[in-house]
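The structure appears right after this line, and notes come after that.
Letters A, B, ... mirror the listed sequences (proteins, then strands); counts begin at 1. All values below were derived from every heavy atom in this structure, side-chain atoms included, with hydrogens, water molecules and symmetry-related copies excluded.
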Amino acid sequence: MSDIQENPASIAITLPDGTVRTVPAGSSGFDIARSIGKRLAEDALAVRVNGKPLDLHASIEHDACIEIITFDTPSGRDMFWHSASHIMAQAIEEIFPGSRFGAGPATEQGFYYDIASEHRFREEDLRKIEQKMLEIGKRDLRLQREEMKRVDAIAYFTNVRKDPYKVEILEDTLKEIETVSLYHQGSFTDLCSGPHLPTTAKLKAVLLTNISTSYWRGDSSRESMQRIYGIAFPSEKQLKEHVARLEEAKRRDHRKLGAELELFMLSPEIGSGLPVWLPNGAIIRSELEAFLKEEQRKRGYLPVYTPHIGNIDLYKRSGHYPYYSDSQFPPLTYHDEDGKQEQYLLKPMNCPHHHLIYSSKLRSYRDLPIRLAEFGTVYRHEQSGELNGLVRARGFTQDDSHIYCRPDQLVDEICNAIDLTQFVFRTLGFSEVQTRLSTHDPANQEKYGGTAEVWKQAERDVLEAATRMGIDYFIGIGEASFYGPKIDFIVRDALGRKWQLGTVQVDYVMPERFDLYYIGSDGQKHRPVVIHRAPFGSMERFIGVLIEHTAGNFPLWLAPVQAVVLPIAEEVHDYAKSVHAALISAGIRAETDTRSEKIGKKIREAEVGKIPCMIIVGQKEKNSGEVSLRRHRQGDAGSFTVEALVDMLRKEITERT
RNA sequence: GCUGAUGUAGCUCAGUCGGUAGAGCACUUCCUUGGUAAGGAAGAGGUCAUCGGUUCAAGUCCGAUCAUCAGCUCCA
């Protein structure tokens, strides 16, 4: 290793493509970038030395693998935005002296800084701060790293910067660390581990997006701070592209498309967070449900139905009530003629009902696994600020199933559930799905039901199944439910926000609480294991994300209106009606536009309405007994006989392509 | 739930200094009968979210409530 060399005159650096260069010892990442090319030297933001990010001008003393970090990489963007947050803090300090700064990290889509200030920030302040940030950029200030003892840093932030928040971070979060680093840029200094941009001049475009509040250190008992969010780029052009992406996301927003395409509605008269499915949306939902029911039939699931409410004792027994009482609608209470009180809960979960179905008769080991499935509507009193269209509602329907199996069947059954979920996601065209293995937090054991060894076993089983299925997962510590670990399938919406859709959960706790058992081959009682699983998760949330994913351009099998017949003139209305009738009798959802409008207008409206097939009929088609097909967003698709058209569309619908 | 913003026609949005409300699209009717993304004309459409206050006068100013949006916190 190079460590044994004492001040060598030159060092060997290995670039990511494997080439090795010899440079003088003490060269910086910038020197190396410049030796590679002028463009790279301009784009270079920092350097990674043996995997460790460093400032671009830090000197490299030993042989190393190095990589020049630019804005094109996630870590380059992260660093750029982190530096931008420092520049924003400096701008704010210059415009609003006396502002104090909490945390100011980069996020996946920009950065923010938490600020304590006498001044209440408003929209117009953001424009001023942006201008100031660009001005600081033009000043071409070097971001200089300084390392100091933690105790000295405390003194510095107490006396020089007079920033109590940084002092608290130094005294608490960083209390184990002896030497910390500060970054100076002109008159501004921040506590930061770095690395940072070499100069503020890299910042060429900035957009401050919104102001909100947050609690200092995320603790609602601490003071609230003003948080300013923004995003920045090394060029004006990239900012423009970003703004265009935001506008596209806005167009795809399921709340907007849901209203435009008449899929669902929300009304304060019904209640906040209680979506209502309009006829068009109900078609999509019922097609999805039919799709899953069909698949579940093939995979040995048994459909059941259970009521929307249940005696509160059921939920006390399951543990849901004590754990989640604050996010449930208050119990319905009534007194019978004898004055006896009974309380019912709008069901927040389907599992207790299913457990009682399981235990309604004696089960043999030969009967297992038993897979009970239901599209079960549940009600949860989510916090008002959390409600969001279809993706976060207070009433929603889970495509729920509980699988009761023997311990020796568990891993196979988890694998089957994963396979079903993957099949569903693949069919609906979700290719970028993240899989999270949600485990418990050992430091917080009292949050969970069941014993430590039960958890150990459950997590081992989940891991084994995930490995066997070849899933590319990440681990979410503390993300487990109170009764067991789970595998969650996470998809992003149009705005890049992540939502959990499908889930597969292992549960050793409920079988105990509900005293579930089966008779084994030894004639003795044994505990089954329960798997909770829901491939869609919630129909509401899934469809909300699906709307954004498809931008409302649903595949033919899901489209509320699959085809619209567009007659060119009144003299072919009869022919149009016969085509329409043929489509309807083939089970295709079709309409006919007989208004006295020109064909161009009818086509435009069908396009705007995102109807997959436009079937244009005029005198020519009437004479030949054919139709002219136009596909949504594709244009003219040629002429077909009605019979050929129906066959073609039927095939596409059945295959769900 | 917390902090902030917003709420005007079915939709998108104007509405100045407080003086009884406007556009485009959509809708209805009539004219027009046409060939792959907007034909023409006329008409109708409003308790300015709700409730209260200030004022001679409130869409406009103030307060409360409800809802929505952004973020925080939470998520079986």
Side-chain angles (χ1 to χ4, degrees), chain A residues 107 112 114 120-123 209-229 250 253 255-256 259-260 262 266-273 315 318-328 347-352 378 380-389 392 398 400 438 448-449 479-484 486 488 495 497 499-500 503 505 507 509-510 532 534 538 566-573 594-609 614-621 628-637:
Chain A
T107 64
Y112 66 80
D114 288 342
R120 167 67 64 191
F121 292 100
R122 304 184 62 84
E123 192 70 28
T209 47
N210 59 53
I211 310 165
S212 79
T213 51
S214 64
Y215 298 109
W216 169 232
R217 313 190 86 182
D219 181 345
S220 60
S221 67
R222 303 293 302 266
E223 65 265 43
S224 65
M225 302 185 80
Q226 301 186 72
R227 176 174 293 183
I228 298 182
Y229 285 85
K250 229 172 164 180
D253 189 316
R255 294 164 296 193
K256 190 172 164 65
E260 280 171 10
E262 296 178 15
L266 288 154
S267 159
E269 287 164 288
I270 293 165
S272 133
Y315 296 97
S318 71
H320 290 109
Y321 188 69
Y323 269 88
Y324 299 103
S325 56
D326 55 344
S327 57
Q328 282 160 186
K347 72 176 173 187
M349 285 296 282
N350 302 303
C351 9
V378 296
R380 298 178 185 175
H381 194 269
E382 303 289 0
Q383 295 185 23
S384 58
E386 205 40 63
L387 300 174
N388 185 307
R392 181 58 66 93
Q398 297 178 318
D400 214 354
S438 302
Y448 306 95
E479 300 283 352
S481 70
F482 75 87
Y483 51 70
K486 49 185 187 150
D488 295 319
L495 292 162
R497 292 180 293 205
W499 296 101
Q500 181 198 306
T503 182
Q505 316 181 348
D507 182 355
V509 175
M510 291 300 148
H532 307 239
S538 129
L566 305 179
I568 282 169
E570 218 166 303
E571 62 200 34
V572 293
H573 278 190
T594 52
R595 296 172 309 162
S596 64
E597 294 291 351
K598 287 193 172 177
I599 194 66
K601 175 146 182 165
K602 292 183 183 182
I603 286 170
R604 179 184 151 78
E605 291 190 5
E607 288 283 353
V608 170
M614 285 151 272
I615 293 157
I616 295 156
V617 294
Q619 199 58 53
K620 206 164 68 191
E621 286 76 14
S628 169
L629 174 66
R630 179 191 165 99
R631 293 300 299 249
H632 174 50
R633 301 199 302 161
Q634 291 168 25
D636 197 342

Picking from G35(B), U33(B), U3(B), the nucleotide nearest the side-chain atoms of Ser628(A) would be G35(B)
Tightest non-hydrogen contact, residues Ser481(A) and Lys486(A), listed as N-CE, 4.0 Å
Out of A38(B), A67(B), U36(B), minimum distance to the side chain of Arg604(A) belongs to A38(B)
In whole angstroms, the gap separating P of G71(B) from CD of Gln383(A) amounts to 15 Å
Applying the 3.5 Å cut-off to both distances, the Watson-Crick or G-U partner of U12(B) turns out to be A23(B)
pair_partner(C51(B)), Watson-Crick or wobble, both distances < 3.5 Å, evaluates to G63(B)
Would you classify Asp326(A) as touching base, sugar-phosphate or nothing, given that sugar-phosphate means primed atoms plus P, OP1 and OP2, and contacts are heavy atoms under 4.0 Å?
-> nothing
Are Arg604(A) and Glu597(A) close enough for a salt bridge, meaning some N to O gap below 4.0 Å?
no
Leu266(A) atom CG is separated from C66(B) atom C1', nearest whole Å, by 15 Å
Among the nucleotides G34(B), A67(B), C72(B), whichever has the atom closest to the side chain of Ala569(A) is G34(B)
task: Report yes or no: is there a donor-acceptor pair, N or O only, under 3.5 Å between the side chain of Glu570(A) and the base of U33(B)?
output: yes
Between NZ of Lys256(A) and P of A70(B) the distance, given in whole Å, is 13 Å
Of Glu382(A) and Pro567(A), the one whose nearest nucleotide on RNA chain B sits closer to the 5' end is Pro567(A)
Next on the checklist: Categorize Pro348(A) for me: base, sugar-phosphate, or nothing, with a 4.0 angstrom heavy-atom threshold over every strand shown.
Outcome noted: base
If pairing means Watson-Crick or G-U wobble with both distances under 3.5 Å, then the partner of A42(B) is U28(B)
Pair of N/O donor and acceptor under 3.5 Å linking U3(B) base with Ser212(A) side chain: no
When both distances are under 3.5 Å in a Watson-Crick or G-U wobble arrangement, the nucleotide paired with A37(B) is none
Whether Tyr483(A) stacks on the six-membered ring of A76(B) base, 5.5 Å and 30° limits: no
Looking only at A37(B), G34(B), A67(B), the nucleotide nearest the Val608(A) side chain is A37(B)
When rounded to whole Å, the CD1 to P distance for the pair Ile568(A) and U36(B) reads 8 Å
Exercise. Assign the ring pair Phe482(A) / Tyr323(A) to parallel, tilted or perpendicular, where the plane angle (0 to 90°) is split at 30° and 60°.
Key: parallel
Using only modelled atom types and a 3.5 angstrom limit, is any donor from either the side chain of Ser327(A) or the base of A76(B) paired with an acceptor on the other? yes
The Watson-Crick or G-U wobble partner of G71(B), with both key distances under 3.5 Å, is C2(B)
*What does Ser384(A) touch in the nucleic acid at a heavy-atom separation under 4.0 angstrom: a base, only the sugar-phosphate, or nothing?*
base
Lys602(A) atom NZ is separated from U33(B) atom P, nearest whole Å, by 14 Å
From CZ of Arg380(A) across to C1' of C74(B) the rounded distance in Å is 13 Å
Pairing partner of C17(B), by Watson-Crick or G-U wobble and under 3.5 Å for both distances, is none
In whole angstroms, the gap separating C1' of U68(B) from CG of Asp253(A) amounts to 12 Å
*asked:* Measuring only the P atom in each nucleotide, how far is C75(B) from A49(B)? A whole number of Å is fine.
replied: 37 Å
* To do: Give one of base, sugar-phosphate or nothing for Ser481(A), where a contact means two heavy atoms less than 4.0 Å apart.
  => sugar-phosphate
Glu597(A) CD to G35(B) P, in whole Å, measures 14 Å
Check your understanding: Any donor-acceptor pair under 3.5 Å joining the side chain of Arg227(A) to the base of C72(B)?
Key -> no
*When only distance counts, do a donor and an acceptor, one from the side chain of Glu621(A) and one from the base of G35(B), lie under 3.5 Å apart?*
yes
